Amino acid sequence: MILVDGAGGEWPVIGHAPWNGCNLADFVMPSFLFIVGMAIPLSLKRIPDRGQAVRRVVIRTLKLLFWGILLQGGYSHAPDKLTYGVDMKHVRWGGILQRIALAYLVVAVLEIVTKDVKIQDRSSSGFSIFRMYFSQWVVACCILVIYLSLVYGIYVPDWEFRVQNTDSTDYGKVLTVTCGTRGKLNPPCNAVGYIDRKILGINHMYQKPAWRRHRACTDGSPYEGPFKSDAPAWCVAPFEPEGILSSFSAVLSTIIGVHYGHVLVHMKSHTERLKQWVSMGIALLVLGIILHFSHAIPLNKQLYTFSYICVTAGAAGIVFSLLYFLVDILNLLYAFAPLQWIGMNAMLVYVMAAAGIFEGFLNGWYYEGTNNTLVYWVRKHVFVKVWHSTRVGILLYVLFAQILLWALVSGVLHRAGLYWKL
């Protein structure tokens, strides 16, 4: 996430796809949800009392919601602006941690309600794990059916909005988007955006969505650039990438992760675990690719489509299997130690690096002008000028001055036994 947020603007292939498609950044959110799901059976296994487990899940959910709204709701302007605060009429309710909180709450409670304590320690194989947790897959199917019914069944009327972006020549104007249709998955007229506008309110949605880089909006696509003179009105409209209906379908990524966690809990053989994980990962990946290239259901992170769920969950499962093979079977512990350190202090690294809080703190100490800070100086003189390339310099800055730095900080904290836990 640090990589794609910091360098995605210079390297579109790792940034979010403007609409349909799947770049590196589009695998980040599903990977979060997948690994959260995988951890649920492991963490709840140690809490036999259901009431205590539910209380723990609810408290952790509230903490995630608090930090999500604080960091992405508009209150924090880090790292570039030395201000804070948000007009409650325009606070953003959606966000990364909010989506994780919702998925975690739903799936963790589902795990608590459906698990049978008597079978937790019984060795299992093959499809017995699917049968063991059959009710969870029934819930997953219900979520999918409801999502597809709403996406393809809801009528989306014409809608209008007031341009809030002060950099736009249309600032303050009320623009109209023509729809009057149903079942469309294009940027302006999909049911996902319609539901968010009706329930969240258009002022509480993300003001700079990835679709601003859509080829219909700018000649520089997939780079961000000035809008075309004939760009449609929706190019400057808000859209919530972590909205209500898309977060509803995102729960499926966590349920798939839970299955991988069940395999880890019930199967004791490395070979059997890898067979289950890799076969399911490949099946999901192939299904998602077929759905996309047959034009049945496109890959789309903004809408969190079923093909997108399959491809990203399948890829997450395969990557996890590879890491499991390298670390748990081949014992390449030291080579992957930095990832372990970051993972054990994930919240700290997310807040300080991904959300830009640490850089915002450093930018508060400037000399003569706000553009003359340690962060800007290091980025410009140590990376960009040395490599005579803004693209390469920014990429190396993110890799070394952000990711490697916080890996080392996490390693020091790990050695000291200090962790930020929710």
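Computed from a prediction, not measured in an experiment: that's the story for all the values here. What you see below is based on every heavy atom in this structure, not just the backbone, and it leaves out hydrogens, waters and symmetry mates.
- Using a 4.5 Å heavy-atom threshold, the side chains of W19 and L303 count as touching.
- There is no side-chain donor-acceptor pair under 3.5 Å between Q302 and E240.
- In this pair, H262 and Y133 present their aromatic rings parallel. The plane angle is below 30°, not in the 30 to 60° band.
- F34 has its side chain out of reach of T254: every pair of non-hydrogen atoms, C-beta onward, lies at least 4.5 Å apart.
- Proximity of I318 to L322: side-chain heavy atoms (C-beta onward) are nowhere separated by under 4.5 Å.
- Taken to the nearest 0.5 Å, the CG atom of L97 stands 12.5 Å off from the CG atom of L102.
- In terms of heavy-atom proximity, I154 sits nearest to R182 at O-CB, 3.3 Å.
- A donor-acceptor contact shorter than 3.5 Å is absent between the side chain of W11 and the backbone of V4.
- Atom OH of Y324 is surrounded by more than 12 heavy atoms from other residues, nucleotides or ligands within 6.0 Å.
- At distances below 3.5 Å, at least one donor-acceptor pair connects side-chain atoms of T305 with backbone N or O atoms of N300.
- Using a distance-only test at 3.5 Å, with no hydrogens or angles considered, no donor-acceptor pair links the side chain of H414 to the main chain of M344.
- Contact between V163 and Y171 at its shortest, heavy atoms only, is O-CD1, 3.6 Å.
- Under a cut-off of 6.0 angstrom, the local environment of OH in Y152 is crowded, with over 12 non-hydrogen atoms contributed by other residues, nucleotides or ligands.
- When all heavy atoms of M1 and I96 are compared, the closest pair comes out as CE-CD1, 2.9 Å.
- Applying the side chain to side chain contact (heavy atoms under 4.5 Å, CB included) rule to V263 yields the partners I129, H259, M267, R273, Q276, W277; only residues at least two apart in sequence or on another chain are considered.
- In terms of modelled atom types and a separation under 3.5 Å, the side chain of R213 and the main chain of E224 share no donor-acceptor contact.
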Test side-chain contact (heavy atoms from CB on, under 4.5 Å) applied to V382 and Y397, step by step: CA-CA 8 Å; V382 178; Y397 170 79; over 6 Å; no

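- If you take SG on C310 and CD1 on I289, they are separated by 10.5 Å, rounding to the nearest 0.5 Å.
- Taking every heavy atom of both residues into account, C22 and T312 meet most closely at SG-CG2, 4.2 Å.
- With rounding to the nearest 0.5 angstrom, the CG atom of L3 is 5.0 Å from the CD1 atom of I403.
- Within the 4.5 Å cutoff, no side-chain heavy atoms of L144 are placed close to those of S249.
- In this structure, the side chain of S247 does not engage the main chain of I244 through any donor-acceptor pair within 3.5 Å.
- Using a 4.5 Å heavy-atom threshold, the side chains of I143 and I255 count as touching.
- The shortest distance between side-chain heavy atoms of W93 and I69 falls below 4.5 Å.
- In terms of modelled atom types and a separation under 3.5 Å, the side chain of R99 and the main chain of P241 share a donor-acceptor contact.
- E10 is linked by a salt bridge (Lys or Arg N to Asp or Glu O under 4.0 Å) to nothing, counting only residues two or more places apart in sequence or in another chain.
- Taking the six-membered ring for Trp and the full ring otherwise, F383 and W377 have centroids separated by 6.0 Å or more.
- Atom CZ of F400 has 12 or fewer neighbouring heavy atoms from other residues, nucleotides or ligands inside a 6.0 Å radius.
- Listed by chain and residue number, C179 satisfy the disulfide (SG to SG under 2.5 Å) test with C189 (two or more places apart in sequence, or in another chain).
- By the neighbour-count criterion of 12 heavy atoms within 6.0 Å, atom CZ of R215 is sparsely surrounded, having that number or fewer from other residues, nucleotides or ligands.
- A donor atom on one side chain and an acceptor atom on the other are not found under 3.5 Å apart for H292 and Y308.
- Considering CG of L413 and CG of L408, their distance stands at 11.0 Å, rounded to 0.5 Å.
- Using a distance-only test at 3.5 Å, with no hydrogens or angles considered, no donor-acceptor pair links the side chain of K301 to the main chain of A25.
- A pairwise comparison of heavy atoms in G15 and D26 identifies O-OD2, 4.4 Å as the closest pair.
- A 6.0 Å sphere centred on NZ of K275 holds no more than 12 heavy atoms belonging to other residues, nucleotides or ligands.
- With hydrogens and angles ignored, the 3.5 Å screen pairs a side-chain donor or acceptor of N190 with a backbone N or O of P187.
- Taking the six-membered ring where the residue is Trp, the centroids of W406 and F358 are separated by under 6.0 Å.
- The shortest side-chain heavy-atom distance between L71 and I357 falls under the 4.5 Å cut-off.
- Taking all atoms of both residues into account, the shortest heavy-atom contact from G6 to I394 is O-CG2, 3.5 Å.
- Rounding to the nearest 0.5 Å places CG of L422 at 11.0 Å from CZ of F66.
- In this structure, CD on Q164 lies 12.5 Å from NZ on K208, to the nearest 0.5 angstrom.
- At distances below 3.5 Å, not a single donor-acceptor pair connects side-chain atoms of S221 with backbone N or O atoms of Y223.
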Trace of the side-chain contact (heavy atoms from CB on, under 4.5 Å) decision for S31 with I35: CA-CA 6 Å; S31 297; I35 206 66; over 6 Å; no

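- Counting heavy atoms from C-beta on, the side chains of V409 and W341 never come closer than 4.5 Å.
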Candidate pair Q207 and H90, rule side-chain contact (heavy atoms from CB on, under 4.5 Å), full reasoning: CA-CA 10 Å; Q207 297 296 316; H90 297 279; 5.6 Å; no

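- Side-chain atoms of D158 and T178 include no donor-acceptor pair closer than 3.5 Å.
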Verdict with reasoning, I40 to Y104, per side-chain contact (heavy atoms from CB on, under 4.5 Å): CA-CA 8 Å; I40 286 174; Y104 171 70; 4.0 Å; yes

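- Separation of the Y304 and Y147 ring centroids does not fall under the 6.0 Å cut-off.
- Classified by interplanar angle (parallel below 30°, tilted 30° to 60°, perpendicular above 60°), the ring pair W67/W420 is perpendicular.
- Enclosure of atom CZ in F293 is not indicated, since only 12 or fewer non-hydrogen atoms of other residues, nucleotides or ligands lie within 6.0 angstrom.
- Formation of a donor-acceptor pair under 3.5 Å by the Q98 side chain with backbone atoms of G94 is found in this model.
- Between H16 and W211, a ring centre-to-centre spacing not shorter than 6.0 Å is recorded.
- Taking the charged nitrogens against the carboxylate oxygens, R92 and E242 do have a contact shorter than 4.0 Å, which makes a salt bridge.
- Checked against the 6.0 Å centroid threshold, F130 and W137 count as a close aromatic pair.
- Ring-plane geometry between W365 and F361 is classed as perpendicular, the angle between the planes exceeding 60 degrees on a 0 to 90 degree scale with a lower cut at 30.
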